[in-house]
Amino acid sequence: MSVDMRTYLAHVELANPITTAAGCAASGAELSQFFDLARLGAVVTRSITMAPRAGRPTPRMAETPSGMLNAVGLQGPGVEVFLEGELPRLVERGARAVVSIAGGSVAEYTALARRLADAPGVAAIEVNLSCPNVEDLGRVFARDPAASAEVIASVRATMRYDVPVVAKLAPDVADIVAVARACIDGGADALAMINTPLGMSIDVDTMRPALAAGTGGLSGPAIRPLAVRCLWQVHAALPGVPIVGMGGVMTGRDALELILAGACAVSVGTALFHDPYACLRILRELEDLLKERGFERLADAVGLAHRPPGAGPRHRIDLEESSL
Amino acid sequence: MSVDMRTYLAHVELANPITTAAGCAASGAELSQFFDLARLGAVVTRSITMAPRAGRPTPRMAETPSGMLNAVGLQGPGVEVFLEGELPRLVERGARAVVSIAGGSVAEYTALARRLADAPGVAAIEVNLSCPNVEDLGRVFARDPAASAEVIASVRATMRYDVPVVAKLAPDVADIVAVARACIDGGADALAMINTPLGMSIDVDTMRPALAAGTGGLSGPAIRPLAVRCLWQVHAALPGVPIVGMGGVMTGRDALELILAGACAVSVGTALFHDPYACLRILRELEDLLKERGFERLADAVGLAHRPPGAGPRHRIDLEESSL
Amino acid sequence: MQVTGTVLTTRRVDAYHALTVVAPGIAERFRPGHFVSVAIGGPHTSMPTRRAFSVHDVKPDYGGTVELVFAVRGRGTAWLAERKARDTLDLVGPLGRPFPVPRDPCACVLVGGEYGSASLFALADTLQQRGCRVDFVLGAASADRVFGALRARRMGETTTLTTEDGSLGLRGRVTDVLPAVIADARADVVYACGPMAMLRGVTAVGVEFDIPVQVSVEESMACGYGVCMTCVIPVIGEDGVTRMVRSCVEGPVFRGERVRFEDIGTIPFDALGAPGGRAQEGGAHTRNVS
Amino acid sequence: MQVTGTVLTTRRVDAYHALTVVAPGIAERFRPGHFVSVAIGGPHTSMPTRRAFSVHDVKPDYGGTVELVFAVRGRGTAWLAERKARDTLDLVGPLGRPFPVPRDPCACVLVGGEYGSASLFALADTLQQRGCRVDFVLGAASADRVFGALRARRMGETTTLTTEDGSLGLRGRVTDVLPAVIADARADVVYACGPMAMLRGVTAVGVEFDIPVQVSVEESMACGYGVCMTCVIPVIGEDGVTRMVRSCVEGPVFRGERVRFEDIGTIPFDALGAPGGRAQEGGAHTRNVS
Ligand SMILES: Cc1cc2nc3c(=O)[nH]c(=O)nc-3n(C[C@H](O)[C@H](O)[C@H](O)COP(=O)(O)OP(=O)(O)OC[C@H]3O[C@@H](n4cnc5c(N)ncnc54)[C@H](O)[C@@H]3O)c2cc1C
Ligand SMILES: Cc1cc2nc3c(=O)[nH]c(=O)nc-3n(C[C@H](O)[C@H](O)[C@H](O)COP(=O)(O)OP(=O)(O)OC[C@H]3O[C@@H](n4cnc5c(N)ncnc54)[C@H](O)[C@@H]3O)c2cc1C
Ligand SMILES: Cc1cc2nc3c(=O)[nH]c(=O)nc-3n(C[C@H](O)[C@H](O)[C@H](O)COP(=O)(O)O)c2cc1C
Ligand SMILES: Cc1cc2nc3c(=O)[nH]c(=O)nc-3n(C[C@H](O)[C@H](O)[C@H](O)COP(=O)(O)O)c2cc1C
Ligand code: FES
Ligand code: FES
């Protein structure tokens with residue numbers, strides 16, 4: 001008997017919980033050489049901006065222990081070219097397209113939402129809040145609950161009512177629950193976490209930063225414990241909210257870890273660079289693990305690690321916020 | 001010719017930059033079976049509390065990719081026993097003792113400073129700010145610039161003027177520079193970073209959190225990119241402030257990376273669990289690397305990666321705060 | 001001490017893997033009950049913590065070898081199971097407090113659960129050299145997981161085997177047969193190594209017979225030599241005060257009656273420094289940092 | 001395609017390591033200029049990104065083998081240098097846009113710097129099969145780092161070697177001798193693989209002679225198949241517009257004159273979507289996200 005792998009982003013049904021992570025599958029065309037994109041729960045696009053963007057100078061990537069830093073800088077074609085080419089081709093291929101958007105001001109996010117509002121084939125909008133707010137000295141939206149809420153409220157008001165708005169959060173904040181709550185209060189239908197925390201690496205031979213941009217986003221297995229913690233805290237505080245989990249998922253076990261913490265869908269980023277088939281492999285492994293554990297439905301595993309502990313004294317969870 | 005490895009925490013000279021990290025060398029007696037503690041720049045003690053503490057239930061540790069989670073919970077004997085036994089024994093052994101303190105309120109930090117003010121052999125005080133503030137719903141001091149500054153100001157006012165006060169910061173804040181600046185304004189003579197960001201791991205077999213405490217502090221190589229980034233940002237903003245760097249240092253190359261980012265001393269934590277001799281090995285490797293690069297003094301390498309780039313166009317550093 | 005040893009032989013023993021490693025410095029200092037910790041995954045590993053294993057056997061070959069017996073549990077033991085002869089292995093040891101041995105000849109029952117039996121044979125050797133009588137009780141879930149039955153039969157005055165599924169020896173647990181073995185041997189002391197639940201049961205039997213039980217415990221460890229404070233269990237001291245003590249340096253061998261087995265995985269409210277508890281030592285303040 | 005290949009042979013070639021790996025699927029699809037990416041460090045590695053290597057040779061043995069030639073640079077290549085015969089290696093390939101080959105016979109100069117020469121021999125083979133004349137110019141810092149001199153001498157109409165320290169061939173750089181070689185051979189096209197600075201110099205020479213130069217570039221890569229956007233360089237398109245293009249899928253082979261070598265490591269102000277620049281395609285808004 002197979003496991004019912006369906007999951008929901010608000011009212012939108014996905015055939016399974018595995019999606020590509022924003023910015024990790026380019027236009028989708030590259031992956032579609034390897035397999036049928038319709039087999040994924042969804043394809044999350046790169047973050048689309050109004051104008052085309054050339055991104056950051058190279059080197060744009062550096063490897064770190066069990067992780068990598070990137071400073072791609074949202075290189076992309078801009079929303080018009082996206083709407084003319086990338087999006088229709090995803091739809092033609094039968095992919096569920098979740099469109100990620102990025103802006104430098106509330107007005108820009110809103111303008112993007114307006115351009116996307118009538119576009120056919122947008123299953124959901126993911127709002128990448130890890131962008132510097134040009135109206136606030138470049139402070140990143142995701143680090144400020146009020147600014148995040150403002151963006152979400154405006155995008156929500158602009159998008160068609162039947163397209164869920166997903167707020168994508170970053171872990172390098174003092175209180176992820178506060179940001180999550182602000183986004184939900186602002187009208188977000190779901191959350192996605194985690195975006196890459198800001199990291200840096202210095203080449204000890206050249207004695208200069210390894211990335212041309214200096215700092216970059218840290219991704220890969222190294223950050224999975226941060227992702228699990230953010231999912232855990234937010235799911236505990238907002239148990240009804242659908243959350244797309246991501247951060248260092250390389251195997252079905254990793255995906256299950258995020259699901260047990262509270263994710264109802266799981267995005268795969270860095271693993272795709274290692275293995276074009278990563279999403280399908282992870283999906284298969286996840287289904288097997290659920291089967292082994294006797295689950296009939298994926299939905300029954302979501303957040304399961306939060307259930308009141310059994311009799312065993314091993315399992316007293318004490319949720320103090322300090323790491324010591 | 002050997003490299004001049006001396007470094008300074010404010011006016012306090014350390015023979016070399018390598019120290020143990022707080023909480024990673026128990027009482028010091030364990031390591032002294034392996035080598036002479038006087039060979040270290042300093043021994044940073046576990047975080048001392050007023051009363052004895054039993055810590056958190058077990059399991060207290062879990063391995064993660066290139067890292068580990070711990071939830072020891074500041075197990076320790078309390079300040080009285082520390083002053084009667086551990087501290088005098090460190091001093092007898094010729095170790096430079098940096099005493100780490102932890103409290104649940106400003107009053108408790110202050111009381112600790114008062115107890116330590118007259119104790120002989122305290123080279124410096126490191127204030128562990130990653131503790132929940134019982135007067136603020138358990139919100140961690142280190143996540144709040146004002147609360148951090150208040151603790152530091154009170155400890156600074158209480159300690160003998162000739163004992164430097166080092167503020168130890170955590171990376172899981174929206175703006176590490178703001179916290180650092182608040183601590184310096186509050187009177188801190190130096191900074192230490194990074195403490196462990198809060199992480200979590202779920203055992204997919206038991207389907208429960210791997211740690212009895214649920215969440216724990218993430219340490220080891222996985223977090224080094226976060227440490228480098230925090231050091232870089234704070235050294236750029238406060239170039240005159242001595243900073244003790246730590247986070248995932250396993251080799252001399254790792255130590256050099258932190259030094260190039262701005263650390264004038266480097267603490268070693270998780271590496272000690274793997275290798276009791278880690279500090280001495282790292283010191284030796286670091287000295288060799290400095291020699292190879294033609295340095296005569298460690299001090300000349302501190303923050304060197306910040307120097308204006310050479311002619312090459314590869315090295316344009318653009319310090320936008322987003323990770324994308 | 002830290003040693004880079006060369007793997008001499010590898011073999012499967014039923015459900016277990018056995019590795020013999022050339023490690024003269026460790027073999028020389030070894031006493032029964034000691035353990036070693038092993039670095040996992042090579043120089044570019046993503047597994048930074050060492051794994052702890054009891055030493056099963058030491059031999060004088062090649063200046064001194066140690067043998068580890070282990071079950072594959074997670075990623076680290078899976079890696080270890082793939083080692084081949086001539087690979088090198090980074091070991092630290094010998095670690096921990098070994099089994100205390102009686103000064104005078106006496107009757108000893110040695111109880112092993114699963115791979116826990118592995119650490120009992122070197123002990124049996126020492127005890128027999130001192131003129132002690134040794135009886136074995138070995139148990140496991142199933143026949144393939146009972147370790148060392150043959151050797152026990154060769155060495156012990158008697159050997160009693162139990163399996164939960166009845167596939168070898170008596171169906172049941174070691175504690176089902178232990179009282180009879182103690183009575184028959186007129187045992188003076190019991191030594192036990194195995195899962196916590198078994199140690200708890202064996203200790204209870206010892207208390208009933210009013211004879212000491214030395215247990216070797218297993219708690220999750222990050223360092224193995226006393227610096228990380230992750231491996232603690234609640235143990236009652238000579239002064240009657242319960243403290244969270246490190247099983248790597250104050251153990252892994254403890255007097256069974258002193259271990260508060262039922263409270264493992266908690267901080268007992270009356271432990272020294274327990275949250276909200278009285279601070280029995282030092283401390284003008286009793287306010288705990290939450 | 002992804003292949004788990006078995007290492008057939010390993011050898012040292014002066015400053016380089018060469019690995020032959022059984023990988024039928026890749027060998028079959030290979031065309032000169034293709035590269036492969038290799039997973040590093042085994043299942044529990046701390047190195048999650050693949051490493052890119054040109055394919056030096058393919059042979060039909062065992063259904064098809066590929067040979068990689070590489071220099072030890074960092075942790076990944078150090079690990080690769082330790083592989084032994086019978087180890088397995090996870091390869092993805094063939095990747096990238098191969099060298100375009102002329103329809104009709106013509107005279108080709110092949111220029112290789114350091115291990116860059118490795119990818120030229122398969123190309124030379126193809127060119128010669130099509131009746132092309134092939135001349136080689138190979139250079140490096142020192143004699144031990146010139147790769148393939150013997151084979152070049154065997155295959156090429158002429159072979160000119162340069163080293164910066166004069167330890168082999170002429171003292172100097174490939175660009176010092178290239179004009180004479182082009183003139184003597186009456187070359188119609190130049191192919192080059194090596195460090196960026198060399199490619200830039202070779203392109204300049206080609207421009208001078210007004211003949212096309214095909215360069216194979218090397219930029220830091222995380223994925224190798226077009227999804228991560230880390231490997232971009234500024235390239236001028238047919239329409240005259242500079243774009244940041246992916247060297248893994250649109251390259252690694254480019255027309256040299258199209259590559260803005262002097263701007264590599266920057267975003268040229270006039271590139272499509274450059275910060276503050278005009279947005280030449282689409283975009284009602286020109287406001288960039290910082
Ligand atoms: C003193 C002592 C002696 C031991 N002797 C043996 C023996 O002879 N044979 C044997 O098969 N096993 C023995 N163990 C248990 C063995 O250490 C664990 O099975 C092993 O660490 C699991 O590692 P893993 O990589 O397979 O699991 P993982 O789950 O990947 O381990 C992750 C981390 O948790 C730690 N850990 C997990 N389980 C345990 C555990 N039960 N005890 C200690 N640390 C743990 C690991 O050391 C590692 O740091 C002993 C443990 C201790 C403390
Ligand atoms: C298309 C192409 C073909 C190549 N062919 C060869 C070849 O035939 N022989 C050879 O010796 N080398 C070749 N290289 C360079 C080779 O990929 C790097 O030397 C290697 O990746 C360095 O890895 P490392 O682990 O030693 O260094 P590390 O510094 O540990 O590498 C860290 C990360 O940076 C990336 N990286 C670092 N330097 C480079 C680089 N120069 N190019 C691409 N990625 C890099 C690595 O892939 C890795 O992800 C080629 C590179 C490319 C892009
Ligand atoms: C090269 C790269 C590019 C990325 N681009 C984007 C992006 O455009 N928008 C976005 O929201 N997240 C972006 N991310 C973040 C990922 O979507 C994801 O949140 C993060 O990488 C963690 O997942 P992982 O560890 O599986 O990669 C990018 C990550 C990488 C590695
Ligand atoms: C087991 C353990 C216990 C720790 N205890 C303390 C502590 O008592 N006080 C403190 O300030 N930091 C404590 N830390 C944090 C370390 O001092 C250090 O900041 C962190 O581990 C990062 O360094 P590393 O990666 O080298 O371990 C502890 C870390 C670990 C792993
Ligand atoms: S394992 Fe570290 S103190 Fe026991
Ligand atoms: S290496 Fe990923 S796009 Fe080129």
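Proteins come first, then strands; the chains are lettered A, B, ... in the order of their sequence lines, and each starts at number 1.
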Subject >> Arg173(D) atom CZ: more than 12 heavy-atom contacts under 6.0 Å >> reply: no
**OP:** Grab the two heavy atoms, one from Ser66(A) and one from Pro48(D), that are nearest each other, plus how far apart they are.
**Re:** C-CG, 3.9 Å
Original post:
Arg56(A) versus Met244(D): any side-chain heavy-atom pair under 4.5 Å?
Top reply: no
Original post:
Going by residue number, which parts of residues 66-84 of chain D are within reach of chain A, meaning a heavy-atom gap below 4.5 Å?
Top reply: Arg75(D)
Subject >> Residue among Gly67(A), Pro221(A), Gly78(A) with most heavy-atom pairs under 4.5 Å to chain D >> reply: Gly67(A)
Original post:
Is any residue of residues 226-238 of chain D within less than 4.5 Å of chain A by heavy atoms, and which ones?
Top reply: Gly226(D), Val227(D), Cys228(D), Met229(D), Thr230(D), Val232(D)
Original post:
Should we count CZ of Arg86(D) as having more than 12 external heavy atoms under 6.0 Å?
Top reply: no
Original post:
Can you name the salt bridge (Lys or Arg N to Asp or Glu O under 4.0 Å) partners of Arg114(A), sequence neighbours left out?
Top reply: none
Subject >> Options Gly23(A), Ala271(A), Gly55(A), ranked by heavy-atom pairs under 4.5 Å with chain D, top entry >> reply: Gly55(A)
Original post:
Which heavy atom in Thr266(D) sits nearest to a heavy atom in Pro57(A), and how many Å separate them?
Top reply: CA-CB, 3.7 Å
Original post:
For chain A, which residues from residues 20-38 of chain D lie under 4.5 Å away (heavy-atom distances)?
Top reply: none
Original post:
Checking heavy atoms, do the side chain of Thr242(D), its backbone, both or neither come under 4.5 Å from chain A?
Top reply: neither
Original post:
Centres of the Phe273(A) and Tyr225(D) rings: under 6.0 Å?
Top reply: no
**OP:** Identify the heavy atoms of Ala26(A) and Arg246(D) that sit nearest to each other, and give their distance.
**Re:** CB-NH1, 4.2 Å
Original post:
chain D heavy atoms under 4.5 Å from Thr20(A): which part of the residue, side chain, backbone, both or neither?
Top reply: neither
Subject >> NE2 on His274(A) to CE on Met47(D), rounded to 0.5 Å >> reply: 10.0 Å
**OP:** Look at atom CD of Glu150(A) and say whether more than 12 heavy atoms of other residues, nucleotides or ligands are closer to it than 6.0 Å.
**Re:** no
Original post:
Side chain, backbone, both or neither: which part of Phe82(A) has a heavy atom under 4.5 Å from chain D?
Top reply: neither
Subject >> Closest contact, heavy atoms only, Ala222(D) versus Met68(A) >> reply: CB-CE, 4.0 Å
Original post:
Is the closest side-chain heavy-atom distance between Asp275(A) and Gln2(D) below 4.5 Å?
Top reply: yes
Original post:
Of the backbone (N, CA, C, O) and the side chain (C-beta and beyond), which part of Arg115(A) lies under 4.5 Å from a heavy atom of chain D, both, or neither?
Top reply: neither
Subject >> SB check Glu63(A) Arg50(D) (cutoff 4.0 Å) >> reply: no
Original post:
In Å, rounded to the nearest 0.5 Å, how long is the span from CD1 of Ile267(D) to CD of Gln75(A)?
Top reply: 7.0 Å
